[in-house]
Engineer: 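Structure incoming, see below.
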Amino acid sequence: MNIFKSIFGRVWHPNAAEVVKIESGQLYLVRPGNVRSSRECIYNEAIASIRRVPSLEHNFQLVITRVYEEGDQELLEDEDETDEEKVFLISEELEFRPGPGETPQEASFVWRDLDGDVDELYEFLMTEGTNAPTRAFFETCMYRAMYERKYRTSVDGASDSELDQFVWKRPTPKNIRTKATKEKASATRKGTENLPATVEDTSVTKQPVDTTPNKVASKSKSVIQSADLPEIAGAQAYFFAWDLDADGFVSAHDEVLEAKILEGAPNGYNYWLVARCDEGDLTMHKIASDMNPRWAQQTHSLTWNYNIGGTYGSWALQFSSPEEYKRFKAAFTRAAWETLHQVPWTKIKADEQAYVMGSNSEDVVMRDAGDEEGDEEEVLSELDPDEEPSDEEEEDEDESDIPRLSGERNSMLTVGYKGDRSYVVRGNNIGVFSHTGDNQVKYFATISKVSTPKGKEFKPREVMLHDQDTKMILMNPSDPHSLYNMDIERGKVVEEWKVHDDVTVDHMAPDNKFAQTTREQTLVGASHNALFRIDPRISGNKMVDSQYKQYVSKNKFSGLATTASGKLAIASEKGDIRLFDCIGKNAKTALPPLGDPILGIDATANGRWIVATTKSYLLLIDTLIGEGRYAGSLGFDRSFPADAKPMPRRLTLRSEHVAYMNHEISFSPARFNLGEGQEENAIVTSTGKYVIAWDFKKVKKGQLEKYEIKKYEDNVVQDSFKFGDDKEIIVALENNVLAINKKNLKKPTRTSLAPMSLQSRSGIVNSPY
């Protein structure tokens with residue numbers, strides 16, 4: 001098997017999502033002894049591949065993808081549901097092996113159908129074009145994947161004899177169980193086949209399985225069991241799992257059990273969330289920021305998500321007393337913080353600890369939320385939850401008019417301020433779309449082959465409208481020390497603005513929130529550790545030396561935003577946020593990091609509120625100083641008292657909604673609706689194929705779950721409110737641009753969220769125990 005060693009060095013590494021692929025074959029379901037149909041063709045043309053499970057180390061999937069023949073796709077338009085892919089978690093249970101065929105025309109792989117009867121098999125019959133070395137390499141990759149899953153360690157260095165244990169051997173008669181025993185084992189496995197039994201992702205299995213082989217023990221790489229780990233916190237709780245069929249959380253254990261937080265290794269900063277009953281561990285999930293934890297003080301409960309075998313499940317713990325809830329929540333928050341920062345919790349100050357703890361508070365009415373305003377609308381919506389959406393339902397843009405560029409997809413959206421235009425970056429081209437009213441956009445033109453004044457083409461990394469939408473400022477990834485000024489009317493870059501010889505421009509923002517509606521010429525720039533003003537009117541380098549602030553440390557600034565008065569908020573990949581009243585001076589307020597990198601930041605026009613975007617949650621911060629000498633001022637103008645920092649609020653999706661969506665949450669930078677003289681009342685973002693809008697008025701009242709969703713068939717690249725409009729949202733998909741009225745977003749339900757293939761998903765959520 002190690003004859004492929006040089007190839008494994010190129011394809012078998014953590015960043016390779018796909019390890020190997022067989023380009024052509026047919027998938028069959030084989031039912032030995034079935035008189036009606038012993039061999040049924042599932043996919044007439046298919047591709048077989050081995051993929052890594054995202055965010056789950058040492059786990060792989062065997063994926064069979066259907067390839068459509070000409071005409072098939074048209075027939076699918078009339079079908080309610082399609083099954084384009086079959087996914088199998090690679091483990092010894094599959095009993096994977098080469099098929100019985102002896103000639104190249106009969107070469108195949110077979111494996112067990114764990115959802116079917118005990119003797120049912122899948123068979124992938126390869127075409128003659130798949131040569132013997134390719135088949136052997138694919139087979140070896142399957143055994144390597146089984147090794148990593150079983151031993152939770154890299155297969156690099158494993159010998160051929162160590163991989164031989166995964167080669168399927170026909171059972172001898174003395175090892176063949178009775179039919180009744182087989183059926184019982186099959187029925188038990190159906191609910192747990194995709195729930196790994198080792199420490200990284202054990203979930204709800206009543207019979208703990210010892211997976212530690214003798215060979216691993218001999219190498220001092222024994223698999224960790226939860227009983228071996230030191231306990232950080234424990235509490236009595238009831239345990240639930242989300243059931244898609246029941247459309248709710250169902251009890252996963254009849255009695256109160258022990259909820260525990262365990263430490264993986266001393267000072268290793270990795271922790272595990274465990275639900276343990278008398279029979280053993282029902283679930284054991286590694287604590288990480290992508291768990292989407294949600295704490296509910298009213299019900300004393302914790303809900304979270306976890307990805308097992310490519311499927312997102314949802315679980316819940318309801319603690320038996322408020323005291324145990326508070327203790328467990330504090331321990332979990334501390335463990336999550338240490339996991340992200342890799343330093344002891346005791347290293348940060350008491351006020352910073354309080355700030356981090358406060359970020360997990362739920363159901364809290366924020367200061368001056370304005371209870372009277374909007375109450376009537378809220379009552380009406382509760383009385384009539386099924387209110388019909390606006391008649392102005394958006395229609396897909398006629399894509400026939402939009403030029404298609406091979407290999408390129410939409411990557412950025414910027415919405416105009418003055419001319420009812422939106423601009424979408426696609427490779428080194430910029431599409432121009434006009435707002436026609438009635439929630440419609442129409443393709444207008446393309447600015448082709450963006451290039452420097454010297455004629456060198458480039459793909460803009462970031463763009464910003466400027467000078468009443470007559471200019472667009474572009475960042476060239478190959479020249480980070482300069483900005484490029486494009487004349488919108490001419491569709492041509494007319495100037496290169498060299499900012500500084502040594503300082504890069506990594507991010508930019510307008511001088512103030514509404515500067516783009518005026519003739520303001522200056523703008524704000526940031527490098528990884530500096531904040532400065534840019535004035536294109538000065539000769540030579542365009543940086544204003546008197547308005548420059550550099551930090552000694554590498555802050556990894558990741559985004560900035562301005563208020564209507566020109567105050568600045570700047571965020572970093574470390575997760576901290578700084579508030580400035582002007583450029584060139586120290587920050588008035590420095591908010592400590594929760595640990596997750598901030599991907600984007602926005603502020604309301606008056607500077608009262610900030611929304612920062614991380615991958616899995618939005619962070620909402622009230623900058624109003626509530627007590628002390630400067631009570632009533634904003635954090636942009638004065639520093640918060642050390643013991644009265646603002647309490648940030650996390651905006652997350654409910655864990656059951658994530659289970660319905662069944663994909664990793666990855667938010668695009670969130671934005672408030674924007675308009676001069678208009679109060680912000682919504683926050684819009686996206687993840688995957690979903691546009692999401694929070695009702696900002698209700699969020700300020702502590703109703704953090706007040707969001708609505710719209711699902712598309714294509715991934716959403718970016719979305720933003722039309723300027724001066726709090727209802728119309730401009731949406732850029734990977735291959736389309738359209739507008740939607742906010743009323744047409746729906747309350748999250750199974751119908752509005754779940755993909756078409758929901759019913760064909762594995763039993764990880766449907767039968768979690």
Side-chain angles (χ1 to χ4, degrees), residues 392-417 419-448 450 459-465 469 472-475 486 488 491 516 559 599-600 602 613 615 618 663 665-674 682-693 708-742 744-745:
E392 300 172 349
E393 174 72 78
E394 87 286 354
E395 297 178 5
D396 288 349
E397 169 69 26
D398 184 0
E399 298 183 47
S400 60
D401 293 336
I402 304 177
R404 284 286 170 253
L405 305 171
S406 177
E408 298 289 355
R409 296 179 183 273
N410 297 336
S411 59
M412 273 179 286
L413 165 72
T414 183
V415 179
Y417 294 79
D420 279 340
R421 295 277 192 272
S422 286
Y423 303 85
V424 177
V425 178
R426 188 182 181 95
N428 64 344
N429 298 271
I430 299 175
V432 184
F433 296 83
S434 61
H435 306 163
T436 62
D438 298 330
N439 301 305
Q440 297 284 316
V441 296
K442 184 175 179 60
Y443 168 71
F444 182 77
T446 296
I447 300 173
S448 302
V450 174
K459 299 178 182 180
R461 183 175 66 83
E462 191 173 323
V463 301
M464 186 182 78
L465 290 168
D469 292 1
M472 181 179 286
I473 312 304
L474 313 175
M475 287 187 181
M486 172 183 282
I488 292 289
Q516 288 138 309
L599 309 176
D602 194 20
T613 306
K615 183 178 179 180
L618 310 183
H663 80 83
I665 299 302
S666 183
F667 286 125
S668 63
R671 295 286 181 262
F672 294 104
N673 61 294
L674 176 64
I683 301 171
V684 67
T685 182
S686 64
T687 177
K689 298 180 178 181
Y690 302 87
V691 170
I692 305 165
E708 294 178 315
I709 289 182
K710 171 74 174 179
K711 181 177 182 290
Y712 289 94
E713 293 305 313
D714 201 1
N715 284 331
V716 179
V717 172
Q718 201 169 346
D719 51 0
S720 182
F721 280 99
K722 180 181 175 182
F723 181 75
D725 193 323
D726 62 354
K727 295 181 176 59
E728 185 171 335
I729 303 171
I730 309 300
V731 181
L733 306 177
E734 288 183 340
N735 291 294
N736 201 4
V737 181
L738 43 85
I740 178 177
N741 190 301
K742 187 161 65 75
N744 289 312
L745 273 65

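Each residue takes its place number in the sequence, starting with 1.
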Engineer: So among I692, V716, D719, which one has a side chain to side chain contact (heavy atoms under 4.5 Å, CB included) with S668?
Structural biologist: D719
Engineer: With sequence neighbours excluded, what pairs up with K727 under the side-chain contact (heavy atoms from CB on, under 4.5 Å) test?
Structural biologist: D725, N741
Engineer: Are the side chains of N735 and R409 in contact, using a 4.5 Å heavy-atom criterion?
Structural biologist: yes
Engineer: Output yes when a side-chain donor or acceptor of R426 lies under 3.5 Å from a complementary backbone atom of E734, and no otherwise.
Structural biologist: yes
Engineer: Decide yes or no for I730 and F433: does some side-chain heavy atom of the first lie under 4.5 Å from some side-chain heavy atom of the second?
Structural biologist: no
Engineer: Tell me, please, which residues at least two apart from D469 pass side chain to side chain donor-acceptor pair (under 3.5 Å).
Structural biologist: none
Engineer: Using modelled atom types only, decide if a donor and an acceptor are shared between the side chain of S666 and the backbone of T687 within a distance under 3.5 Å.
Structural biologist: no
Engineer: Here's a test for you: under side chain to side chain contact (heavy atoms under 4.5 Å, CB included), which of V684, N673, N439, V415 qualifies with I729?
Structural biologist: V684
Engineer: Could you tell me which residues satisfy salt bridge (Lys or Arg N to Asp or Glu O under 4.0 Å) with D602, sequence neighbours excluded, listed by chain and number?
Structural biologist: K513
Engineer: Going by side chain to side chain contact (heavy atoms under 4.5 Å, CB included), V450 matches just one of V425, L474, N429, V463. Which one?
Structural biologist: L474
Engineer: Report yes if some heavy atom in the side chain of V432 is under 4.5 Å from a heavy atom in the side chain of R421; otherwise report no.
Structural biologist: yes
Engineer: Can you tell me how the ring of H663 sits relative to the ring of Y690, calling it parallel under 30°, perpendicular over 60° and tilted otherwise?
Structural biologist: parallel
